[in-house]
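Here the structure is a predicted model, which is why all the values come from computation and not from measurement. Hydrogens, waters and symmetry mates play no part in the numbers below; they use all other heavy atoms, side chains included.
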Amino acid sequence: MTNHSSHSNGMHSLRTEHLYKVLVIGDLGVGKTSIIRRYVHQTYSTNYRATIGVDFALKVLNWDSETVRLQLWDIAGQERFGNMTRVYYREAMGAFIVFDVTRPTTFEAVIKWKEDLDSKLMLTNGQSIATVLLANKCDQGKELTNNGIKMNQFCKDHGFLGWFETSAKDNLNIGEAANFLVKHIMATENDILKSVVPDTISPQLDSNRQMSCSGCFK
């Protein structure tokens, strides 16, 4: 969702504001909350309680003439087995799917999360939303680095834009992964806007037309 606002500092400058809903999903205990807290608040703790249902956080990015507000939805790991994800996913423009490099079962679950996402949410152009894979807790196990080629192939096969090794503890690659995702969301949004053919008169013109016809039916 994008709008334009103008601020005056002696002169008018056009600042584009974007609001994007981004999902953070994956199995229980993979570090979704830790990643969000590190990214938004620059804090880290080892004793977060398990998220119940869904939690929210807001991150504001100021890039040149663009203000990007990221509404991060931290969705509980067990929600994939419930019916609420359809409601939680609604209107999201991007997603991170997270797994824990020290627990292979959480990697196996990645495909199920992606299938759940793709089956319940689509962009207006019929495409899947921009999704990035996060291999989290890499401070505890480096075995994935050697499998980079396999991971690249996995991302291609399953519709991920790419993947990042992340560590909420060491603050590794979280901001980079977010910037990568946001740039793709912005590019996707531009493509969608270009492909939409205006089939109605703009509201302003419409109201003028109504005003000029206000006496037509007397």
Side-chain angles (χ1 to χ4, degrees), residues 1-5 14-26 30-33 35-41 51 53-77 79-80 82-99 110-136 155-164 166 168 173-198:
M1 194 167 74
T2 305
N3 60 51
H4 299 274
S5 61
L14 198 64
R15 188 160 194 88
T16 311
E17 296 205 356
H18 308 267
L19 174 64
Y20 298 135
K21 174 177 170 178
V22 171
L23 308 171
V24 184
I25 57 181
V30 294
K32 299 182 295 293
T33 303
I35 285 171
I36 291 171
R37 296 277 172 88
R38 170 61 83 183
Y39 180 53
V40 175
H41 305 295
T51 303
V54 66
D55 207 351
F56 309 90
L58 186 71
K59 173 82 170 178
V60 180
L61 304 171
N62 288 304
W63 289 350
D64 302 327
S65 60
E66 317 261 0
T67 296
V68 179
R69 295 175 195 279
L70 287 187
Q71 193 184 60
L72 295 152
W73 285 49
D74 178 1
I75 294 173
E79 289 293 335
R80 175 166 56 85
N83 296 317
M84 284 302 290
T85 50
R86 189 180 298 278
V87 177
Y88 296 151
Y89 292 169
R90 192 175 294 151
E91 293 181 0
M93 285 290 285
F96 291 113
I97 298 183
V98 187
F99 72 98
V110 161
I111 295 172
K112 300 218 171 47
W113 279 102
K114 185 73 167 74
E115 287 170 350
D116 189 55
L117 189 61
D118 291 345
S119 68
K120 292 173 181 170
L121 183 64
M122 220 174 250
L123 295 171
T124 52
N125 62 1
Q127 301 291 311
S128 299
I129 66 168
T131 309
V132 171
L133 183 62
L134 300 185
N136 195 39
C155 288
K156 274 187 188 157
D157 293 346
H158 297 285
F160 288 92
L161 293 173
W163 68 286
F164 287 81
T166 57
N173 282 340
I174 293 170
E176 289 81 352
N179 289 349
F180 176 75
L181 180 63
V182 169
K183 282 171 182 167
H184 273 274
I185 292 172
M186 290 171 88
T188 304
E189 185 180 51
N190 288 335
D191 289 346
I192 291 171
L193 290 172
K194 280 180 201 156
S195 68
V196 174
V197 180

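- Taken to the nearest 0.5 Å, the CD atom of E91 stands 11.5 Å off from the CG atom of L23.
- A heavy-atom distance below 4.5 Å is not found between the side chains of T85 and I25.
- A distance of 13.5 Å separates CZ of F96 from CD1 of I75, quoted to the nearest 0.5 Å.
- Interatomic distance, L70 CG to L58 CG, rounded to the nearest 0.5 Å: 8.0 Å.
- Side-chain contact between I129 and Y89 is absent, with no heavy-atom pair separated by less than 4.5 Å.
- The main-chain N or O of W73 is never found under 3.5 Å from a side-chain atom of K21 such that the two would form a donor-acceptor pair.
- N136 places a side-chain N or O within donor-acceptor distance of the main-chain N or O of V30, the cut-off being under 3.5 Å.
- When all heavy atoms of L121 and R90 are compared, the pair lying nearest together is CD1-CA, 4.4 Å.
- Partners of F164 under the ring-ring contact (aromatic ring centres under 6.0 Å, His included) rule, at least two apart in sequence or in another chain, are F180.
- Nearest heavy atoms, L161 versus A130: CD1-CB, 3.6 Å.
- Minimum heavy-atom separation, W113 to A76: CH2-O, 3.9 Å.
- Taking each heavy atom of A168 and I35 in turn, the nearest pair found is CB-N, 3.9 Å.
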Audit row: T33, D55, side-chain contact (heavy atoms from CB on, under 4.5 Å) steps and yes/no: CA-CA 9 Å; T33 303; D55 207 351; 5.7 Å; no
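- Between Y20 and H18, the ring centre distance stays below 6.0 Å.
- Among all heavy-atom pairs drawn from I185 and G94, the shortest one is CD1-CA, 3.8 Å.
- Sequence neighbours left out, the pairs with a member in residues 114-135 that pass salt bridge (Lys or Arg N to Asp or Glu O under 4.0 Å) are K114-D118, D116-K120.
- For CG of D64, the number of neighbouring non-hydrogen atoms (other residues, nucleotides, ligands) closer than 6.0 Å is 12 at most.
- In this structure, CH2 on W163 lies 9.5 Å from CG on N173, to the nearest 0.5 angstrom.
- Distance CD1/I36 to CZ/F56: 11.0 Å, rounded to 0.5 Å.
- L133 has its side chain out of reach of H158: every pair of non-hydrogen atoms, C-beta onward, lies at least 4.5 Å apart.
- In this structure, F160 CZ and L134 CG are separated by 9.5 Å, a value rounded to the nearest 0.5 Å.
- Between M93 and L123, some side-chain heavy-atom pair lies under the 4.5 Å cut-off.
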